[in-house]
Amino acid sequence: MSLVGKKFPNVTIDAMSEMGDDLRINIFEEATTNQQKVLLFWYPKDFTFVCPTELHAFQEALGEFEKRNTKVIGASCDTNEVHFAWLNTSKDNGGIEGVTYPLLADTHRQLANLLGIVDQDFEYDNEGNEIFSGSNVTYRATYLVDETGKIFHESVNDMPLGRNVKEYIRLIDAYTHVQKHGEVCPANWEEGKEAMKADRNSTAEYLAKN
C-alpha cells in the first residue's frame, strides 16, 4: 500500500554518525522541526555489494541536496556497531569511509515494518507452527518527505537494482516548483523547463509546443 500523501511515521530510531556518535533520529521531526525536506533511503545490509556504491553516490551528491534544503539519511537493519565498522572501512576495501550523513540502525525493524519494506513472509504448518521465509532485510526503498512531514515520493527497488541519485534531485526540484508556483510538472520536467497550470487549456498549449 502506498504511503504517498500520508504523514511519515512519527517514531524515533537509533542511528550512527560518521564520528561514531550514537544518535536517535525521528524523520518526521527532522522535517517538521527543522523545516527541511528529508531523503531517507533504505538499503539491505552493510558490507554487501550494490549497497556501498549507492551510499557513495548519495555522498557525492550531498552538496546538491543541501542546496535544496534536503537532509539525506541512510538506513538499514544493521546495528550501530556494524555501521561504525563499515564507516571505518576504506572505499577500496568495499567500505563507506567518507560518508558523512547519518545511518539509521533499525535493528528491531520497527520503522521498516511500519513502512512494509522488509523481505519477510510468514506461513503456518499443519500443526499451526509459524514458518518464516525471506531474507529479513529491507528492499531498496526511498522516501522523500516535505516540511510538513508528508511523503511526496516513495519508490522500492528489488535488492539487485541500484538507484539513480539524479532522479531524486529532479523530483525535489519538481516538488519545490509546485510548492512555490502552484504549477504542475509534466513528464521529464527539469529545473528551468516549462511547467503547466492544472487545467485543460494549459495542457493543450504545452502539448502543442512539445
Side-chain angles (χ1 to χ4, degrees), residues 1 3-48 51-52 54-89 95-120 135-157 159 163 165 168 172 175:
M1 180 181 296
L3 297 176
V4 170
K6 299 179 175 64
K7 298 294 186 182
F8 195 89
N10 189 354
V11 296
T12 303
I13 302 295
D14 288 337
M16 170 60 59
S17 78
E18 82 278 10
M19 300 301 294
D21 298 318
D22 292 323
L23 308 173
R24 297 277 289 166
I25 292 179
N26 182 310
I27 300 298
F28 181 83
E29 291 180 355
E30 286 286 335
T32 57
T33 301
N34 298 322
Q35 283 297 285
Q36 62 185 349
K37 293 179 177 68
V38 176
L39 184 152
L40 173 67
F41 74 97
W42 294 81
Y43 60 92
K45 204 171 182 181
D46 293 3
F47 290 100
T48 50
C51 298
E54 292 193 308
L55 272 78
H56 285 297
F58 278 108
Q59 179 64 38
E60 288 167 9
L62 196 60
E64 293 300 316
F65 289 109
E66 290 172 347
K67 284 182 199 174
R68 292 160 172 82
N69 192 34
T70 301
K71 185 176 182 69
V72 173
I73 299 174
S76 77
C77 297
D78 294 281
T79 65
N80 272 354
E81 291 77 15
V82 175
H83 281 339
F84 190 55
W86 204 25
L87 284 161
N88 281 280
T89 301
I96 57 167
E97 186 177 35
V99 166
T100 60
Y101 49 82
L103 303 176
L104 296 189
D106 190 18
T107 54
H108 297 293
R109 292 157 176 77
Q110 178 188 5
L111 180 54
N113 279 320
L114 284 173
L115 297 170
I117 57 173
V118 181
D119 174 29
Q120 58 182 206
S135 65
N136 207 31
V137 298
T138 66
Y139 294 105
R140 298 187 191 281
T142 312
Y143 297 88
L144 294 177
V145 182
D146 73 10
E147 297 86 349
T148 70
K150 185 182 81 172
I151 298 169
F152 66 93
H153 169 84
E154 66 176 335
S155 59
V156 183
N157 291 4
M159 294 173 194
R163 282 162 277 217
V165 173
Y168 301 109
I172 291 166
Y175 190 76

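Keep in mind that this is a model prediction, so the values were computed, not measured. Quick note: numbers below take in every heavy atom, side chains included, and nothing from hydrogens, waters or symmetry partners.
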Problem set entry | Minimal non-hydrogen separation, Thr12 against Gln110, with atom names | O-OE1, 4.3 Å
Problem set entry | Parallel, tilted or perpendicular: ring planes of Tyr168 versus His153, cut at 30 and 60 degrees | perpendicular
For this session: Measure from the side-chain N and O atoms of Gln35 to the backbone N and O of Glu147, and report whether any donor-acceptor pair falls under 3.5 Å.
Result: yes
Problem set entry | Atom pair CD/CG of Glu18 and Asp21 - distance to nearest 0.5 Å | 8.0 Å
Problem set entry | Derivation and outcome, side-chain contact (heavy atoms from CB on, under 4.5 Å), residues Phe8 and Thr32 | CA-CA 11 Å; Phe8 195 89; Thr32 57; over 6 Å; no
Exercise. From His56 NE2 over to Cys51 SG, what is the distance, rounded to the nearest 0.5 angstrom?
Worked result: 11.5 Å
Exercise. Are Ile96 and Leu103 side-chain neighbours, meaning at least one heavy-atom pair lies under 4.5 Å?
Worked result: yes
For this session: Calculate, to the nearest 0.5 Å, the distance between atoms OG1 and CD belonging to Thr142 and Glu54 respectively.
Result: 7.5 Å
Seminar exercise, completed: From the list Val156, Thr138, Ile73, side-chain contact (heavy atoms from CB on, under 4.5 Å) partner of Trp42 resolves to Thr138
Exercise. Can you tell me if Gln36 uses its side chain to pair, donor with acceptor, with the backbone of Glu30 under 3.5 Å?
Worked result: yes
For this session: Please assess Val82 against Lys45 for the test side-chain contact (heavy atoms from CB on, under 4.5 Å), listing each intermediate value before the final yes or no.
Result: CA-CA 10 Å; Val82 175; Lys45 204 171 182 181; over 6 Å; no
Exercise. When you measure from the side chain of Asp119 to the backbone N and O of Ser135, does any donor-acceptor pair fall under 3.5 Å?
Worked result: yes
Exercise. Using 30° and 60° as the class limits, which term best fits the ring planes of Trp86 and Phe47: parallel, tilted or perpendicular?
Worked result: tilted
Exercise. Any side-chain heavy atom of Asp22 within less than 4.5 Å of one from Met16?
Worked result: yes
Exercise. Taking the six-membered ring for Trp, are Phe152 and Tyr175 parallel (under 30°), tilted (30 to 60°) or perpendicular (over 60°)?
Worked result: parallel
For this session: Flag the pair Tyr139 / Leu115 as yes when at least one side-chain heavy-atom distance between them is below 4.5 Å, and no otherwise.
Result: no
Exercise. So do Glu29 and Asn34 actually touch side chain to side chain, heavy atoms under 4.5 Å?
Worked result: no
Exercise. Looking only at heavy atoms, what is the nearest atom pair of Ala112 and Asp106, with distance?
Worked result: N-OD2, 2.8 Å
Problem set entry | Side chain proximity check, Val165 to Phe65, heavy atoms < 4.5 angstrom | yes
Exercise. Ignoring hydrogens and geometry, is there a side-chain-to-backbone donor-acceptor pair from His83 to Leu104 under 3.5 Å?
Worked result: yes
Problem set entry | Residue pair Val137 / Met159: nearest heavy atoms and the distance that separates them | CG2-CE, 3.8 Å
Seminar exercise, completed: Output for pair (Glu81 CD, Thr107 OG1), nearest 0.5 Å, gives 9.0 Å
Exercise. Under 4.5 Å between any side-chain heavy atoms of Tyr101 and Leu55, yes or no?
Worked result: yes
For this session: Calculate, to the nearest 0.5 Å, the distance between atoms SG and CD1 belonging to Cys77 and Ile13 respectively.
Result: 9.5 Å
Exercise. Can you name the one residue among Ile27, Ile117, Val4, Leu39 that meets side-chain contact (heavy atoms from CB on, under 4.5 Å) with Tyr143?
Worked result: Ile117
Exercise. Within a strict 4.5 Å, meaning less than it, do heavy atoms of the Asp14 and His108 side chains meet?
Worked result: no
Exercise. What are the two closest heavy atoms between Ser17 and Leu87, and how far apart are they?
Worked result: O-CD1, 3.7 Å
Problem set entry | Phe58 ring center near Phe41 ring center (under 6.0 Å) | yes
Exercise. So do Lys71 and Lys37 actually touch side chain to side chain, heavy atoms under 4.5 Å?
Worked result: no
Problem set entry | Atom pair NZ (Lys6) and CD1 (Ile151), whose distance is rounded to the nearest 0.5 Å | 8.5 Å
For this session: Give a yes or no on whether the backbone of Ala141 and the side-chain of Arg163 come within a donor-acceptor separation of less than 3.5 Å.
Result: yes
Seminar exercise, completed: Scanning both residues in full, the closest heavy-atom pair of Ile25 with Ala15 reads CD1-CB, 3.7 Å
Problem set entry | Over all atoms of both residues, closest heavy-atom pair of Thr148 and Lys7 | O-NZ, 2.8 Å
